[in-house]
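Structure first, commentary second.
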Amino acid sequence: MELKQYFRVIQKKWWLIVMMVVVALTAASVKSFYFTTPVYAANAKLIVNQSSGDGLNASTIQTSIFLINSYKEIIKSSAVMNKVVEQYPELGESASQLAARISVSSANNSQVMNLVYQDTSYEKAAAVVNAVSTVFKAQIPSIMNIDNITILSEADPAASPGAINFNPVMNLLISFMVSFVLAIGFIFLLDYLDDTLKSESEVLEIMEAPVLASVGRMTKSDLKPAFKSKKAPQQPKAGEGKYATIQQ
């Protein structure tokens, strides 16, 4: 198929492309603005710093990095989460709910731990992540017999960040691109499944025979009689009409 034929197929079904794109954009708009609950994420940073009278060296830093993997599990343990629920009942969450929503990560070869909590209220998310950080720092000395946690930064409850799952512009852009590509593919599929021949060139290409005659496109108005209001002339019946007599 030549490039002109591709454009011809698109030109014939352009209305189908427009319809599919409009439907997709409408559905994306309704989903984004009416059926999406905004979710906010608050984060706090902790630094794991091995206490040593000799100061920092490569050995103590490496030990702190190794400890982070253990701390990731300790933060979500019942030993920490039960203390958070006990000391901060105003949060209104159970230990299992807190453990399910909080995530802990750290960059490679870094002593910094990043705690993130997601909730439909940013103020509550900030309160939870700060509470977990405070309790975790207080519990580590009794759990690990070492005091090497420092809260580097806390979440600001007064901040007003945007929702992490609410980006209508990006949703509409993605919907437009996906629906446009699907519409193009759909009309080419319809053209591929259509076995009818619509032009002389298609007849010559497939049948390798010249076209002797062609019938143009006709509409319903073309099929109507030209003088529909006028009655058709009736044939005279036997005995009717004027005839000459013998006496004349």
Side-chain angles (χ1 to χ4, degrees), residues 28-51 56 60-61 63-175:
S29 300
V30 173
K31 174 65 171 61
S32 299
F33 290 103
Y34 296 101
F35 295 98
T36 298
T37 302
V39 177
Y40 302 91
N43 68 83
K45 293 185 183 299
L46 308 177
I47 185 169
V48 181
N49 188 13
Q50 181 73 20
S51 300
L56 288 178
T60 57
I61 293 175
T63 302
S64 299
I65 293 175
F66 287 152
L67 284 174
I68 288 178
N69 292 328
S70 300
Y71 288 168
K72 289 179 180 177
E73 299 299 325
I74 292 174
I75 288 178
K76 296 184 177 183
S77 67
S78 58
V80 175
M81 291 301 167
N82 287 338
K83 286 290 183 181
V84 175
V85 174
E86 179 182 345
Q87 296 181 15
Y88 299 90
E90 67 275 11
L91 296 178
E93 299 285 352
S94 65
S96 59
Q97 290 173 330
L98 293 176
R101 292 184 181 181
I102 197 165
S103 60
V104 186
S105 62
S106 63
N108 292 332
N109 299 323
S110 170
Q111 296 174 264
V112 178
M113 299 172 57
N114 189 32
L115 274 63
V116 179
Y117 189 82
Q118 298 182 2
D119 196 90
T120 55
S121 168
Y122 175 77
E123 184 178 0
K124 182 179 178 181
V128 170
V129 78
N130 290 338
V132 172
S133 301
T134 302
V135 172
F136 175 68
K137 180 181 182 303
Q139 290 299 311
I140 278 298
S142 61
I143 297 175
M144 300 291 290
N145 293 323
I146 188 171
D147 186 6
N148 61 345
I149 298 295
T150 302
I151 298 177
L152 200 59
S153 64
E154 291 186 334
D156 182 8
S160 56
I164 60 175
N165 66 333
F166 186 74
N167 192 343
V169 176
M170 182 60 67
N171 293 340
L172 293 177
L173 183 61
I174 294 175
S175 299

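Just so we're clear, the structure is a prediction, and the values are computed from it rather than from any experiment. In this chain, numbering begins with 1 at the start of the sequence shown.
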One pair to check against side-chain contact (heavy atoms from CB on, under 4.5 Å): Ser133 and Leu46. What are the steps and the verdict? CA-CA 8 Å; Ser133 301; Leu46 308 177; 3.9 Å; yes
Can Gln87 and Thr134 be said to form a side-chain contact (heavy atoms from CB on, under 4.5 Å), step by step? CA-CA 10 Å; Gln87 296 181 15; Thr134 302; 5.9 Å; no
Please walk me through it: do Ser94 and Val85 pass side-chain contact (heavy atoms from CB on, under 4.5 Å)? CA-CA 6 Å; Ser94 65; Val85 174; 5.6 Å; no
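Annotation: the span from Asn167 atom CG to Thr36 atom OG1 amounts to 11.0 Å, rounded to 0.5 Å. Asn148 CG to Thr150 OG1: the interatomic distance, rounded to the nearest 0.5 Å, is 8.0 Å. With rounding to the nearest 0.5 angstrom, the CD1 atom of Ile68 is 10.0 Å from the OG atom of Ser105. Lys137 contributes atom NZ, which lies 13.5 Å from atom CD1 of Ile75 (distance to the nearest 0.5 angstrom). Considering OH of Tyr88 and NZ of Lys83, their distance stands at 12.5 Å, rounded to 0.5 Å. Rounding to the nearest 0.5 Å places CG of Asn82 at 10.0 Å from CD of Gln139.
For Gln118 (side chain) and Ala41 (main-chain N/O), no donor-acceptor pair under 3.5 Å exists by modelled atom type. At least one donor-acceptor pair closer than 3.5 Å links the side chain of Ser32 to the backbone N or O of Ala28. No donor-acceptor distance shorter than 3.5 angstrom exists from the side chain of Asn130 to the backbone of Glu154, with no hydrogens or angles considered.
For the pair Asn114 and Ala44, the tightest heavy-atom approach, listed with the atom from each and the gap, is OD1-O, 3.4 Å. When all heavy atoms of Phe33 and Pro168 are compared, the pair lying nearest together is CZ-CB, 3.6 Å.
The side-chain contact (heavy atoms from CB on, under 4.5 Å) check on Asp119 picks up Glu93, Arg101, Tyr117, Ser121, Lys124, Ala125, with sequence neighbours excluded.
Summarising the local packing, CD of Glu90 is surrounded by more than 12 heavy atoms from other residues, nucleotides or ligands at distances under 6.0 Å. Within 6.0 Å of the CD atom in Glu123, the count of heavy atoms belonging to other residues, nucleotides or ligands does not exceed 12.
A heavy-atom distance below 4.5 Å is not found between the side chains of Lys45 and Ile151. At least one side-chain heavy atom of Tyr71 sits under 4.5 Å from a side-chain heavy atom of Ile149. A 4.5 Å side-chain heavy-atom check between Leu115 and Ile102 finds at least one atom pair inside the cut-off. At least one side-chain heavy atom of Ile74 sits less than 4.5 Å from a side-chain heavy atom of Ile140.
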